[in-house]
Amino acid sequence: MPHQEQVLAHGNLCAPGPPNNAGYNSNPVPVIIQTESRDKWGKKMDFLLSVIGFAVDLGNVWRFPYICYQNGGGAFLIPYVLMAIFGGVPLFYMELALGQFHRTGAISIWKHICPMFKGIGFAICIIALYVSFYYNTIIAWALFYFYSSFSSTLPWTSCDNEWNTENCTNYFGKDNVTWTNYSRSPAEEFYTRNVLAVHESSGLGDVGYIRWQLMLCLFLIFTIVYFSLWKGVKTSGKVVWVTATLPYVVLLILMIRGATLPGAWKGVVFYLNPKWEKLQETSVWVDAAAQIFFSLGPGFGVLLALSSYNPFNNNCYRDAIVTSLVNCLTSFVSGFVIFTVLGYMAEQRNVNVEDVARDKGPSLLFITYPEAIANMVGSTFFAIIFFVMMITLGLDSTFGGLEAIITAVMDEYPDTLSHRRELLVLGLVVVCFLGSLSTLTKGGAYVVKLLEEFGVGSSIIAIVFLEATAVSWFYGINRFSNDIKSMLGYTPGLFWRVCWVAISPAFLAYIIISSLLNPQPLSLFDYKFPDWSITVGFIIGASSFIWIPIYMVYKFVWTPGSLKQVRHSCCTIGRLNEQLLPLEKHSCRSQEKFLSLTQINLLTLRPPKT
């Protein structure tokens, strides 16, 4: 369905008119008219909760604590805050404003910004697919835990289960228990041997068969996703009232409970005590940037999609500040939830906090935290609410990621798909489910790690860099500022314009170069990823980004005219003096074709000087 109607107040550009451009008005032409056919949010809070639900995801509770843990605790907060101020929040604001002004998805929006960058939209959709392939599998793991929690004694409490080995060591409530490098807790063996069954896979070369238990969990997850998205934002906007608010209730309960545990203060001290020498390591800054972008979500197309259903005069600036603050504060509070438990675990094992978790990855949520819960009073209750929180956090992000694809595709092909949303959503969910099957195998955890590292990683940061460059330098920062002024009544301040033009792209370029020059070895548990798998990973990363240069070449090759004319039509979004005067020399058909290529935004047109 068309996202907006563009008309001239005094007839078609190609219609005969009085000489010397007498038919043109010297005042700005208010031409953007919101069509009634496009969905709209039922309430403002539907939109805010959807954005918060997308931004506040498993990354805040899972990814942020383990990256903070990995990079020296409190020292990580410094690059994290700096990257948020100069990189994440400005780009978050930019995407909300772009989506709200142009009212279209991640693909077709480039017709109005700079057509030759349209490949960015296709790359965004491919990355969103890769995320759905592994992210929903993590939610399926949480659903498996949720089901297993309905028992008087949690199954990861003892070493008396069929999946346990002789290395299983239960030290809770026992004295003189020796913990060695070969020791495995009951929670760790439940996760690795009963949920994942990675012990039956030798690696990516032998992932084994699909585990039907996980496939059933994933099927239930995608069923919920389908019925939440099939009718558009008016249904998903109601679902997020539960999925976006419930996690905060659970976080509050868990934080209070964690603060009462013996040894919790050790974790808090480790969390807040910065190790300044870590700031000299490039990897810390790269991780900070990756986390803020992965969490806030600029570049994923979600913010473009969600804000495109807003009223034209909605205060997107306030929305950007509020949702960014909520996201960052949630990450900070989640750190207390996790680190109080890490301090408790260190107290029980009589070791340092940094020695508690053997693997600084999702094991913090699937091993360490469940292990601590299993030894609390009321363990079943805390386990149930903890995994409900994880499921709802994950679902919100899935809603946003898939809505980005749905909106982008429907806006690109409105004539075909405008009345077939249910079928499009069904087809997309089926594709995502089939694409996730490899992550449900016995070696599926290795596939998840590979997709997480290369499917998103540097690719999404490079795309955000190109997006910021295209908007600030090709579309023009003054033009973009005027767009915001037309919506809000005032132009963005100097800080925002400097960030959009220089600081944010410079930070992103530095991160991309640093991550490429200093690649980190990839491993999971005791498995070292072989060289061929790293090559496969780079191919996965390139498979999304490659569509950007491909579309640029296509645009230059297939656009008729001289090289200068092609460059003009592909790169310049116009000024009337530069574009309309040359059109007077051509036929009406040529004018229509030129306008379709450049997609002139008629809101800012002015008459040529006579």
Side-chain angles (χ1 to χ4, degrees), residues 1-7 32-41 98-133 222 225-237 300-310 398-435 543-544 546-548 550-552 554-555 557-559 570 589 592-593 595-601:
M1 58 196 135
H3 68 284
Q4 62 190 33
E5 295 174 354
Q6 295 180 331
V7 296
I32 293 185
I33 303 172
Q34 295 184 21
T35 58
E36 295 300 324
S37 59
R38 189 173 185 83
D39 284 346
K40 298 179 179 64
W41 294 104
L98 286 172
Q100 183 171 303
F101 182 82
H102 295 287
R103 292 180 58 77
T104 187
I107 298 176
S108 54
I109 194 173
W110 294 100
K111 298 176 183 177
H112 310 279
I113 298 176
C114 187
M116 75 172 183
F117 283 99
K118 190 176 180 180
I120 290 178
F122 295 110
I124 286 172
C125 291
I126 293 173
I127 289 178
L129 279 177
Y130 288 154
V131 172
S132 71
F133 290 166
F222 275 119
V225 170
Y226 174 74
F227 286 108
S228 298
L229 295 177
W230 70 324
K231 291 297 184 181
V233 295
K234 290 187 177 179
T235 55
S236 63
F300 285 91
V302 178
L303 304 176
L304 291 174
L306 297 181
S307 62
S308 71
Y309 300 107
N310 273 333
T398 293
F399 294 158
L402 296 188
E403 184 60 53
I405 301 175
I406 295 165
T407 300
V409 175
M410 290 187 67
D411 286 342
E412 181 67 9
Y413 307 102
D415 297 335
T416 305
L417 299 174
S418 60
H419 300 293
R420 297 181 175 89
R421 181 184 173 95
E422 293 88 349
L423 290 177
L424 174 63
V425 176
L426 178 61
L428 178 61
V429 166
V430 170
V431 169
C432 293
F433 180 79
L434 294 177
S543 65
S544 59
I546 194 66
W547 289 103
I548 300 174
I550 286 177
Y551 191 85
M552 286 182 178
Y554 160 79
K555 198 69 178 175
V557 170
W558 290 98
T559 301
C570 289
R589 182 181 299 273
E592 291 176 345
K593 187 171 184 179
L595 285 175
S596 68
L597 282 171
T598 57
Q599 290 290 313
I600 299 176
N601 186 330

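Starting from 1, each residue takes its place in the sequence as its number.
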Think R38 forms a cation-pi with Y309, using NZ or CZ under 6.0 Å from the six-ring centre and within 45 degrees of its axis?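 Yes.
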
Please identify each residue that fulfils salt bridge (Lys or Arg N to Asp or Glu O under 4.0 Å) with K234, with sequence neighbours left out.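 So K234 forms no salt bridge (Lys or Arg N to Asp or Glu O under 4.0 Å) with any residue.
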
Taking the side chain as every heavy atom from C-beta outward, state whether K555 and P115 have any pair of such atoms under 4.5 Å apart.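 SC-SC contact between K555 and P115 confirmed.
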
Flag the pair W547 / Y551 as yes when their ring centroid distance falls below 6.0 Å, and as no otherwise.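 Judged by ring-centre distance (under 6.0 Å), W547 and Y551 do not meet the cut-off.
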
Checking [X] side chain against [Y] main chain: does a donor-acceptor pair fall under 3.5 Å?
| X | Y | result |
| --- | --- | --- |
| S308 | A305 | yes |
| R103 | N310 | yes |
| R421 | L229 | yes |
| D39 | G232 | no |
| W230 | T235 | no |

Lys/Arg N to Asp/Glu carboxylate O, E403 vs K231, below 4.0 Å: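 Between K231 and E403 there is no salt bridge, as every charged N stays at least 4.0 Å from the carboxylate O atoms.
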
Suppose the criterion is side-chain hydrogen bond (donor to acceptor under 3.5 Å, both in side chains): which pairs have a residue in residues 114-131, not counting sequence neighbours?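 Qualifying pairs, neighbours excluded: K118-E412, Y130-S543.
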
Would you please test V409 and L417 for side-chain contact (heavy atoms from CB on, under 4.5 Å) and show each step? CA-CA 8 Å; V409 175; L417 299 174; 3.4 Å; yes

Atom pair NZ (K111) and CG (D411), whose distance is rounded to the nearest 0.5 Å: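 Here the interatomic distance stands at 9.0 Å.
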
Those residues that, when tested against A106, pass side chain to side chain contact (heavy atoms under 4.5 Å, CB included) (two or more places apart):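 Only I124, L304, A408 meet the side chain to side chain contact (heavy atoms under 4.5 Å, CB included) criterion with A106.
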
